[in-house]
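Everything on this sheet refers to the single structure shown next.
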Amino acid sequence: MRDTDTVARFGGDEFVVLVEEFQKISNLAILATKLSKAICSPIFIDNQEMYVTTSIGISVAPDDATHSDQLIQFADTAMYRAKDLGRNNFQFFTSDMNARSQERLHLETSLRKALNRNELVVYYQPQFDLNTQQIVGSEALIRWQHPERGLVPPNDFIPLAEETGLIDQIGQWVLEQACKQNKIWQLNGFTELTIAVNLSARQFLNKNLSNDVFNTLAGAGLAPQYLELELTESLLMYDVESSIKLMNTLSSKGISLAIDDFGTGYSSLSYLHRFPIDKLKIDRSFVRPIGASNDTIIARTIIALAQEMQLKIIAEGIETEEQLYFLRQSNCHTGQGYLFSRPIPAQEFTALLQKQKKLSEL
Ligand code: C2E
Ligand code: MG
Ligand code: MG
């Protein structure tokens, strides 16, 4: 930066740069690019090469605002857009972003109320033994029954819940619902059913997580071997040593650990064998090409990797008979997908279980 610029740490990992002298707005873009470049050059810590990425938001006075609070707020909004666009870039504030940030605020306010208003629901997607076509478990998937918007899918509100910290409460609620529901099914005779629950990065960083999970299991009366936690690669790689410790604690109590969306995140094979995991979930982006473009190499490789590492394997997003046939042939014996069932409310799931039981008794 130049002597006439001001650089300040704003809090946490946020910094504010005040550029008081510039000729053209386009010069700010050049400056932002220079800043990003400087920051992303590698840093060596303990001989390890580390990288830092930046997301930059820019607001301009007097065009966007004249008051410092508002300028900073607009720059912040633009920064979030830059983050959404995949980090390591910059964005100028635009009034349309303002509309979006208003909407975000609105969504955040209603999400805060959603829990108490009983607007959140857990759907369950059955997981099948691909050979016997029997239900062996389910995955709990949250939905938001919004009074005006209808059924909102998790991808539309989980990121916001993570950013605002609401995910801790919401995630704990899902865990409770899922454990209780699985126990109900077990009490109704489906004794071997397992339940899989997705964890977000923020929940995984929570120091109380393992205690919360144990207490929830105890509260529901569910034995730990029937609970599976789904983690993503990126979440585990965030702090490898802490992840391993936490996973060991969970796993030593008998809880299963699965890596969700395997192969789509940032992970390192050298760490994979240090993680006490039980299962890999083949992401549906690797299942989709089976049959369609007949591009099966990734799916086959993940199955082989799981076998070599003596991990269980499950495929997600099975939509066609062809995919089912191929997976079975390739030694993947568990799966879920629209071919069998979409995620459904608990009641429908119960009906499905009963139907399956009747059929098997014939
Ligand atoms: P995921 O854990 O990978 O869940 C699988 C997603 O694939 C679900 O989307 C499911 O409905 C969808 N799916 C299942 N079978 C098929 C299929 O045959 N074809 C296609 N095209 N899609 C299929 P959903 O329910 O919209 O959830 C999206 C993501 O939201 C989940 O991905 C998970 O990462 C996250 N999520 C859902 N519930 C929770 C939760 O309680 N906590 C957290 N932290 N994340 C959650
Ligand atoms: Mg999942
Ligand atoms: Mg997945």
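Atoms within each ligand, like the ligands themselves, are counted from 1 in listed order.
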For ligand 1, which is the ligand I care about here, please tell me if [X] has any N or O atom under 3.5 Å from one of the ligand's N or O atoms.
X: Glu162; value: no
X: Gln336; value: no
X: Ala140; value: no

Taking 4.0 Å as the limit for heavy-atom contacts, which would you say applies to [X] with ligand 1: side chain only, backbone only, both, or neither?
X: Val122; result: neither
X: Arg342; result: neither
X: Gln125; result: side chain
X: Asp260; result: side chain
X: Arg284; result: side chain
X: Leu141; result: both

Check ligand 1 against [X] and write out every atom of the ligand that is under 4.0 Å from a heavy-atom position of the residue.
X: Glu319; result: 17 (C), 18 (O), 19 (N), 20 (C), 21 (N)
X: Pro343; result: 11 (O)
X: Ser200; result: 44 (N)
X: Gly337; result: 15 (N), 18 (O)
X: Val174; result: 41 (O)
X: Glu316; result: 3 (O), 5 (C)

Review point. Measuring from Tyr226:OH to Thr191:OG1, what's the distance to the nearest 0.5 Å?
Key: 6.0 Å
Short question: side chain of [X], backbone of [Y] - any donor-acceptor pair under 3.5 Å?
X: Asp278; Y: Lys312; answer: no
X: Glu233; Y: Gly263; answer: yes
X: Asp64; Y: Val60; answer: yes

Study note, to complete from the structure: Result for side-chain contact (heavy atoms from CB on, under 4.5 Å) between Leu175 and one of Val197, Val122, Asn198 points to Val197
**Study point:** Closest approach of any protein heavy atom to atom 42 (N) of ligand 1, naming residue and atom
**Key:**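 The closest one turns out to be Asn198 O, 3.5 Å.
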Check your understanding: Is any side-chain heavy atom of Phe128 closer than 4.5 Å to a side-chain heavy atom of Ile135?
Key ->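 Yes - at least one pair of side-chain heavy atoms lies under 4.5 Å apart.
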Review point. Does Gly317 have a heavy atom less than 4.0 Å from any atom of ligand 1?
Key: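 So Gly317 counts as touching ligand 1.
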Review point. Touching ligand 1 at all, Arg288? Heavy atoms, strictly under 4.0 Å?
Key: no
Point to revise | Glu230: its N/O/S atom lying closest to the Mg ion (ligand 2) (atom name) | key: OE1
Review point. In Glu139, what N, O or S atom is nearest to the Mg ion (ligand 2), if we give its atom name?
Key: OE2
**Study point:** Contact flag Asp260/the Mg ion (ligand 3), N/O/S atoms, threshold under 2.8 Å
**Key:** yes
Point to revise | atom 45 (N) of ligand 1 touched by protein heavy atom at under 4.0 Å | key: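 Given the 4.0 Å limit, the answer for atom 45 (N) of ligand 1 is yes, a protein heavy atom qualifies.
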Review point. Is atom 11 (O) of ligand 1 close to the protein, meaning a heavy atom under 4.0 Å from it?
Key: yes
**Study point:** Atom nearest to the Mg ion (ligand 3) - Asp261, N, O or S atoms considered
**Key:**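 Of all N, O or S atoms belonging to Asp261, OD1 is the one nearest the Mg ion (ligand 3).
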Exercise for review: Taking the Mg ion (ligand 3) as the reference point, name the nearest N/O/S atom of Glu316.
Suggested key: OE2
Check your understanding: Among Trp173, Tyr338, Phe204, whose heavy atom sits nearest atom 23 (C) of ligand 1?
Key ->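 Ranked by closest heavy atom to atom 23 (C) of ligand 1, first place is Tyr338.
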